[in-house]
Amino acid sequence: MNTGVGTKLAQNIIAQVQSAAETWTPQHVLAWALETFGNRVAISSAFGAEGMVVIDMASRLGKDFRLFTIDTEFLFPETYNLMDKIEERYGISIERVYSALSPEEQDKKQGMALWTRDPDLCCNLRKVEPLRRKLSELSAWITSIRRDQTSARAEAQRIEWDSKFGLAKINPIVDWSAKQVWRYIHDHEVPYNELHDQNYPSIGCTHCTRAIRPGEDPRAGRWSGFTKTECGLHIIGPAPLPAGE
Ligand code: SF4
């Protein structure tokens with residue numbers, strides 16, 4: 001862990017609360033995380049429906065909180081518009097984290113349109129490496145993953161040790177359904193990405209996201225044509241190193 005709290009101590013803290021936390025409300029989990037880690041914890045979000053719920057809940061706790069996003073520089077205009085709305089509505093400044101390579105530098109180094117040939121490498125360069133850099137500043141990160149989104153997320157706990165990145169990982173709505181997420185959004189009039197109303201249940205980069213057709217899995221529009229279902233941020237185990245790094 002990258003703070004005054006050593007890894008062992010942090011793992012002990014997590015072990016003490018992990019099973020009790022499974023019965024806590026998402027708001028209780030968030031309050032505990034902010035209280036325990038202060039400014040060494042931040043919400044990570046790509047501003048999907050789930051992320052909007054977590055951001056809204058955190059704002060209602062009345063405590064300062066940090067929010068960052070991995071900006072691949074390939075996001076939809078609707079996503080950038082939503083970021084502006086979030087900053088205005090919640091009075092916060094989103095910390096934007098970029099790849100070490102600009103899109104043009106990536107084209108030069110790896111060839112044009114890497115995402116069509118090797119999306120894992122592209123995600124490593126544009127998402128995983130920047131995330132690793134950001135998380136090295138923190139003691140804990142807050143995500144909005146849900147267990148039923150992908151098989152890689154099925155075993156996630158509300159509060160857990162992230163062995164891939166070496167810090168605490170807080171998943172306040174891990175046991176929620178998509179229905180609960182949307183009920184919260186409507187009940188609290190939370191802003192959301194307009195693309196959700198155009199059959200985009202899961203939204204990432206423009207190059208790798210399409211609208212889904214009736215009856216398709218909600219994540220079928222991500223990396224369509226590849227077996228890939230995750231960008232690598234929530235998969236346990238060492239990430240493959242970007243080529244040449
Ligand atoms: S989602 Fe696609 S374009 Fe975005 S970083 Fe991953 S492979 Fe590259």
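The basis for the numbers below is simple: all heavy atoms, side chains too, and nothing from hydrogens, waters or symmetry mates. As the structure lists them, so they are numbered: ligands from 1, and atoms in each ligand from 1.
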Note: ligand 1 atoms sitting under 4.0 Å from heavy atoms of K127 are 1 (S)
For R126, the ligand 1 atoms whose distance to one of its heavy atoms is below 4.0 Å
5 (S)
Of the listed options C122, S99, C205, closest to atom 8 (Fe) of ligand 1 (non-hydrogen atoms):
C122
Student check: side-chain heavy atoms of Y90 and P191 closer than 4.5 Å
yes
For L61 and A31, which heavy atoms make the closest approach, and how far apart are they?
CD1-N, 3.7 Å
Which other residues belong to the hydrophobic cluster containing Y200, where Ile, Leu, Val, Met, Phe, Trp and Tyr are joined when side-chain heavy atoms lie under 4.5 Å apart, directly or via other members?
F76, L195, I203
Here the gap from I13 atom CD1 to W32 atom CH2, rounded to the nearest 0.5 Å, amounts to 7.0 Å
Where ligand 1 meets F74 - atom numbers and elements under 4.0 angstrom, heavy-atom basis
3 (S)
For residues 42-53, run the donor-acceptor check on the side chains, cut-off 3.5 Å, and write out each pair with its distance to 0.1 Å, sequence neighbours left out.
residue : atom : partner : partner atom : Å
S45     : OG   : F47     : N            : 2.9
E50     : OE2  : R146    : NE           : 2.9
E50     : OE2  : R146    : NH2          : 3.1

Could you tell me whether atom 2 (Fe) of ligand 1 has an N, O or S atom of C208 under 2.8 Å away?
yes
